Protein chains: 2
Amino acid sequence: MIEREPQPETPENVTQTIARLDHVMDTLPKRLRQCAVFTRHHLHLIAVSTVSDMASASGVAPSAYIRFCQAVGFSGYSEMQTLFRAQYTSFRPDYEQRLAQLSPDVSQGSGELLAEFAESGHQSLIGVGNSVANEGLARVASGMAQARIVHLVGLRRAFAVVSNMSYLLGKLDVPAVLHSNIGNLHAGLVAGSGDVMFAITFAPFSEETITQAHAAAERGVTVYGLTDADDCPLFEFAAEVLVVKEHEVAGFRALNASITLTTALSVLVGAQRAKT
Amino acid sequence: MIEREPQPETPENVTQTIARLDHVMDTLPKRLRQCAVFTRHHLHLIAVSTVSDMASASGVAPSAYIRFCQAVGFSGYSEMQTLFRAQYTSFRPDYEQRLAQLSPDVSQGSGELLAEFAESGHQSLIGVGNSVANEGLARVASGMAQARIVHLVGLRRAFAVVSNMSYLLGKLDVPAVLHSNIGNLHAGLVAGSGDVMFAITFAPFSEETITQAHAAAERGVTVYGLTDADDCPLFEFAAEVLVVKEHEVAGFRALNASITLTTALSVLVGAQRAKT
DNA sequence: TCCGTTATGGAATTTTAATTCCAATTTCGG
DNA sequence: CCGAAATTGGAATTAAAATTCCATAACGGA
């Protein structure tokens with residue numbers, strides 16, 4: 001028998017899996033490539049689907065899908081699924097330990113840490129493509145597109161996210177105001193009829209942000225929100241609240257999901273506005 | 001046989017499930033209550049776990065866990081799990097459609113766009129882990145850790161990135177100043193001996209940022225940089241320049257790589273500083 | 001304490017999913 | 001247009017998970 005390519009090693013995390021996927025993509029036969037293409041765009045489904053689900057979604061027989069898993073370096077579907085499920089169960093025993101040894105020896109760990117954050121970013125992004133947020137996104141976008149002015153509110157961790165939105169919306173000629181609390185301008189009072197507010201707050205929720213959003217809502221301003229927890233006070237008065245789940249490393253939550261979602265949102269708003 | 005309580009109806013969504021959980025909580029016997037308590041706090045695990053997983057996590061036998069599911073109104077664990085999985089696969093009905101339009105690339109829907117950006121994020125992150133920047137990262141981190149004050153400079157697209165660094169460094173007790181150009185403060189002139197500047201600029205490079213960084217460098221301040229192109233002017237006078245390649249969608253570059261890299265950097269600086 | 005009732009854990013069973021195997025089909029070099 | 005090699009779908013098998021059953025234990029009222 002002809003010597004096969006050096007047997008690929010089992011991917012150990014999402015990052016490696018994606019890398020290998022991209023790598024083998026071109027070398028696979030038709031059906032297996034279908035699996036690769038579909039899977040690449042629906043990574044988040046792996047954790048909650050059976051082989052048959054993934055196979056039929058890929059337009060392929062279950063046996064083919066398993067062959068695909070093997071081509072990517074796993075022993076079968078179960079092994080691959082375990083890897084993608086791990087992110088939800090990530091109170092993994094060794095996780096806290098690993099991070100505990102983070103501070104003792106930092107110099108050695110700089111590459112390691114970066115890789116951890118990259119991995120964490122991948123995991124955050126996997127969650128972003130699906131779920132409820134999708135549907136609400138279109139509604140929020142069209143609401144914002146019709147606004148006279150969009151008020152952006154977000155403090156602390158959320159500030160970077162609204163900064164980015166502010167930049168993007170500006171570039172797209174969408175009238176937007178980035179509210180910082182410099183100079184005590186109170187967004188809730190500045191906003192007027194026909195305006196829309198987009199407020200971002202992550203747990204533990206910023207009092208200031210909530211207050212401003214609430215004030216705006218009471219003045220009849222449509223408030224949209226983005227948060228990372230189901231018990232966010234924004235739900236009480238916002239017209240729509242988007243939810244992202246960010247993965248975290250060593251207590252530092254990533255921003256990948258939030259930034260990606262809000263970037264897409266901004267572009268949607270810009271596009272919708274340009275049309276009118 | 002004595003009339004049992006009116007048989008609870010099957011919850012149809014997560015909201016109803018939670019409601020019923022809270023409702024029956026007090027009426028359940030010991031073991032089943034354990035299930036309720038654990039499950040209430042780990043709802044997200046249901047979609048990706050087996051009965052045995054949930055049972056042992058609740059400290060209970062599998063059969064008990066199933067009885068618990070029935071007490072909540074489901075026919076068994078499978079039915080409950082299906083409900084929780086649905087939220088990840090809510091667009092599953094049109095799987096077949098998707099399959100059809102798979103190979104020719106996406107037509108723009110809001111969901112599709114989001115998926116594009118998520119994809120773009122993955123690609124950016126892949127680059128971050130293995131690039132050359134790795135090695136420089138440790139040097140930049142230790143340089144920043146020894147600084148009296150860290151000056152953060154970045155405009156336009158880069159502003160969101162420095163905002164985030166500012167937040168993180170603050171949380172980590174690293175003295176850092178976020179320079180905006182509000183009030184015409186010129187970072188290059190404020191920075192003094194023993195300070196370090198971290199400047200971020202992406203192509204096309206911000207004149208303002210370059211000027212400020214240059215001025216600082218001339219005054220003897222160590223300048224570190226982050227950019228996305230090899231011809232960045234920062235290379236001329238910065239002590240070290242990190243490079244990230246951001247992927248782009250429809251002309252909008254992502255920020256995933258930059259944010260991930262700078263987050264890791266910030267944490268490294270914080271950790272190193274805490275040690276001394 | 002005793003008895004009837006309810007609750008519990010684990011073994012036995014059923015159901016469903018994962019994987020392997022193989023015959024049929026396609027692909028490609030000559 | 002033929003034959004070898006690779007690829008594929010589906011049937012057969014194996015593995016695993018879900019559910020039921022039952023003997024035992026715990027509980028609560030007389």
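Since the model is a prediction, treat every value here as computed from it, not as a measurement. First the proteins, then the strands, lettered A, B, ... as listed; each starts at 1.
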Visitor: Can you label the angle between the Phe38(A) ring and the His42(A) ring as parallel, tilted or perpendicular, going by 30° and 60°?
Guide: parallel
Visitor: Tell me the interatomic distance from Gln34(B), atom CD, to dG9(C), atom C1', rounded to whole angstroms.
Guide: 13 Å
Visitor: Please report the distance, rounded to the nearest Å, between OH in Tyr77(A) and C1' in dT14(D).
Guide: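 Answer to the nearest Å: 19 Å.
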Visitor: Has Gln70(A) got a side-chain N or O lying under 4.0 Å from the OP1 or OP2 atom of dT20(C)?
Guide: yes
Visitor: Could you go over nucleotides 8-12 of chain D and give all protein N or O partners under 3.5 Å, atom names and distances?
Guide:
from    : atom 1 : to       : atom 2 : distance (Å)
dT8(D)  : OP1    : Arg31(A) : N      : 2.8
dG9(D)  : OP1    : Arg31(A) : NH1    : 2.2
dG9(D)  : N7     : Ser63(A) : OG     : 3.3
dG9(D)  : N7     : Arg67(A) : NH2    : 3.3
dG9(D)  : O6     : Arg67(A) : NH2    : 3.1
dG10(D) : N7     : Ser63(A) : OG     : 3.3
dG10(D) : O6     : Ser63(A) : OG     : 3.0

Visitor: Measure from CE on Met54(A) to P on dT19(C) and round the result to the nearest Å.
Guide: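 Interatomic distance, CE of Met54(A) to P of dT19(C): 14 Å.
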Visitor: Taking atom types as modelled and ignoring hydrogens, do the side chains of Ser56(B) and Tyr65(B) form a donor-acceptor contact shorter than 3.5 angstrom?
Guide: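 Judged by distance alone, the side chains do not pair up.
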Visitor: Examine distances only and state if a side-chain atom of Gln81(A) and a backbone atom of Ser49(A) form a donor-acceptor pair shorter than 3.5 Å.
Guide: yes
Visitor: Report yes or no: does Thr39(B) contribute a side-chain atom to a donor-acceptor pair with the main-chain N or O of Ala36(B) at less than 3.5 Å?
Guide: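 Flag not set: sc Thr39(B) to bb Ala36(B) has no pair under 3.5 Å.
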Visitor: Provide, to the nearest angstrom, the distance between the OH atom belonging to Tyr65(B) and the P atom belonging to dT19(D).
Guide: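 My rounded result for the distance is 12 Å.
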Visitor: Would Arg157(A) and Tyr167(B) count as a cation-pi pair here, with the cationic atom under 6.0 angstrom from the ring centre and within 45° of the axis?
Guide: no
Visitor: Figure out the CZ/P separation between Phe68(B) and dT20(D), and round it to whole Å.
Guide: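 It works out to 16 Å between those atoms.
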Visitor: Of the options Val140(A), Val161(A), Val223(A), Val269(A), which is the one that meets Phe198(A) in a side-chain contact (heavy atoms from CB on, under 4.5 Å)?
Guide: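 One option only clears the test, and that one is Val140(A).
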Visitor: Are more than 12 heavy atoms from other residues, nucleotides or ligands located less than 6.0 Å from atom CD of Glu79(B)?
Guide: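 Yes - once you tally the heavy atoms of other residues, nucleotides and ligands closer than 6.0 Å, there are more than 12.
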Visitor: Distance check needed: dA18(C) C1' versus Gln81(A) CD, whole Å only.
Guide: 10 Å
Visitor: Using only atom types and a distance under 3.5 Å, with no angle test, would you say the side chain of Gln34(B) pairs donor to acceptor with the backbone of Ser58(B)?
Guide: yes
Visitor: Using a cutoff of under 3.5 Å, can you pull out all pairs of nitrogen or oxygen atoms linking the protein to nucleotides 28-30 of chain C, with atom names and distances?
Guide:
none

Visitor: Hey, what bend do you get for the helix from dT1(C)-dA30(D) to dG30(C)-dC1(D) if you fit axes on five pairs at each end, rounded to 10°?
Guide: 30°
Visitor: Quick check: closest heavy atoms across Leu234(A) and Ala213(A), and the distance to 0.1 Å?
Guide: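 So the minimum-distance heavy-atom pair works out to CD2-CB, 3.9 Å.
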Visitor: Side chains of Glu246(B) and Ser258(B) only: does a donor on one sit below 3.5 Å from an acceptor on the other?
Guide: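 Glu246(B) vs Ser258(B): donor-acceptor pair found between side chains.
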Visitor: Whole-Å distance between dT7(D) P and Arg33(A) CZ?
Guide: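 For the pair Arg33(A) CZ and dT7(D) P, the rounded distance is 11 Å.
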Visitor: Look at Arg40(A) together with Asp22(A) and state whether they make a salt bridge at an N to O cut-off of under 4.0 Å.
Guide: yes
Visitor: Using atom CD of Glu79(B) as one end and atom P of dT16(C) as the other, report the distance to the nearest whole Å.
Guide: 13 Å
